[in-house]
Amino acid sequence: MNAFRAFENGSLLSSYSASARWDPFSRPLDSIQPWQFRLLAAVMLVVTSLSLAENLAVILVTFKFKQLRQPVNYIIVNLAVADFLISLTGGTVSFLTNLKGFFFMGYWACVLDAFRNKPFRDSVIWDGICFSRYIVICRPLRNTRLRGKHAALGLVFVWSFSFIWTIPPTTGWSSYTTSKIGTTCEPNW
């Protein structure tokens, strides 16, 4: 019956009173077994390693072959750089905290982790989805040529916009907190 109530209230925890007493910075969540955290750490290690290798390959191949250094490929390289940074920083922290079972680095490290990781994720979303889809969907029949200046300005806009929306939770408009299992940090939605 407790499992049904936990599912009903949308929480992974067995009850709200348990979540009020649990500190994600001092110990693992009781309802998750240690082997499950280790399994998640192993998955994160594999995913992080593959992501680092694949994105590094995209970056290196683009820089090695001059014909790939076209303005339209700036978007792809930017996606690879942002994803590489997500994997390098966020994937590594997630691996370590899952290995331990909780966010052992403390509250301010959690805020820094979420603050640092959010612009990389937003850049991937806004660059990969919005900017590139705008070109393909809004201008499909026009002979639109993306020039280096326009691609660079688009990327500067995407990164600036990402960082601007990362700042409010650090100034009191919402906040950063741990995820429900307490091993990663994110905006407090």
Side-chain angles (χ1 to χ4, degrees), residues 38-100 103 105 108-171 173-174 176 178-179 183-187 189:
R38 288 191 294 274
L39 178 63
L40 190 54
V43 169
M44 284 306 302
L45 180 64
V46 169
V47 169
T48 299
S49 300
L50 289 173
S51 179
L52 288 171
E54 292 168 354
N55 286 301
L56 186 61
V58 168
I59 295 165
L60 293 176
V61 166
T62 303
F63 283 114
K64 182 176 180 176
F65 297 103
K66 189 173 183 167
Q67 65 269 27
L68 293 177
R69 288 184 242 148
Q70 302 296 321
V72 77
N73 287 341
Y74 292 0
I75 297 167
I76 295 168
V77 172
N78 185 60
L79 287 170
V81 167
D83 198 35
F84 182 85
L85 293 172
I86 289 171
S87 298
L88 184 65
T89 58
T92 304
V93 169
S94 182
F95 165 72
L96 293 172
T97 56
N98 279 302
L99 201 57
K100 197 89 159 160
F103 205 91
M105 299 173 198
W108 287 107
C110 176
V111 171
L112 182 62
D113 180 54
F115 180 84
R116 169 215 22 89
N117 221 13
K118 188 171 180 342
F120 301 150
R121 286 189 306 252
D122 289 351
S123 172
V124 167
I125 292 167
W126 292 327
D127 176 27
I129 296 171
C130 299
F131 186 54
S132 62
R133 294 300 89 197
Y134 167 77
I135 293 168
V136 172
I137 293 170
C138 294
R139 303 189 178 266
L141 300 176
R142 295 184 186 146
N143 189 9
T144 305
R145 179 165 163 80
L146 183 65
R147 301 189 193 288
K149 178 181 172 183
H150 296 120
L153 285 173
L155 297 179
V156 166
F157 171 78
V158 163
W159 281 96
S160 300
F161 199 67
S162 298
F163 276 105
I164 287 169
W165 285 105
T166 303
I167 294 169
T170 62
T171 61
W173 186 18
S174 190
Y176 291 118
T178 59
S179 60
T183 57
T184 57
C185 292
E186 59 194 20
W189 304 109

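In this chain, residues are counted from 1 in sequence order. Here the structure is a predicted model, which means the values were calculated and not measured.
- D83 contributes no side-chain N or O that, together with a main-chain N or O of L79, makes up a donor-acceptor pair within less than 3.5 Å.
- Minimum interatomic distance between S49 and L45 (heavy atoms only, all atoms of both residues): OG-O, 2.7 Å.
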Review item, side-chain donor-acceptor pairs of residues 57-64, under 3.5 Å, at least two apart:
unit_1, atom_1, unit_2, atom_2, d
T62, OG1, V58, O, 2.7

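- Residue S87 holds its OG atom at 9.5 Å from CG of L50, rounded to the nearest 0.5 Å.
- When all heavy atoms are compared, the tightest approach of T183 to F103 is O-CD1, 3.7 Å.
- What you find for F84 and L52 is that their closest heavy atoms are CE1-CD2, 3.5 Å.
- Between atom CG of residue L85 and atom CG of residue N55 there is a gap of 9.5 Å, rounded to the nearest 0.5 Å.
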Below 3.5 Å, can you tabulate the donor-acceptor pairs from side chains in residues 152-169 to any protein atom, sequence neighbours excluded?
unit_1, atom_1, unit_2, atom_2, d
W159, NE1, N78, OD1, 2.7
W159, NE1, S123, OG, 3.4
S160, OG, V156, O, 2.8
S162, OG, S123, N, 3.4
S162, OG, V158, O, 2.8
T166, OG1, S162, O, 2.7

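- Across F95 and A41, no two heavy atoms sit closer than the pair CD1-O, 3.1 Å.
- The closest donor-acceptor contact from the side chain of T48 to the backbone of M44 lies under 3.5 Å.
- The shortest heavy-atom contact between E186 and S179 is OE2-CA, 3.7 Å.
- Partner V93 forms a side chain to side chain contact (heavy atoms under 4.5 Å, CB included) with one of T97, T89, L96 and no other, that one being T97.
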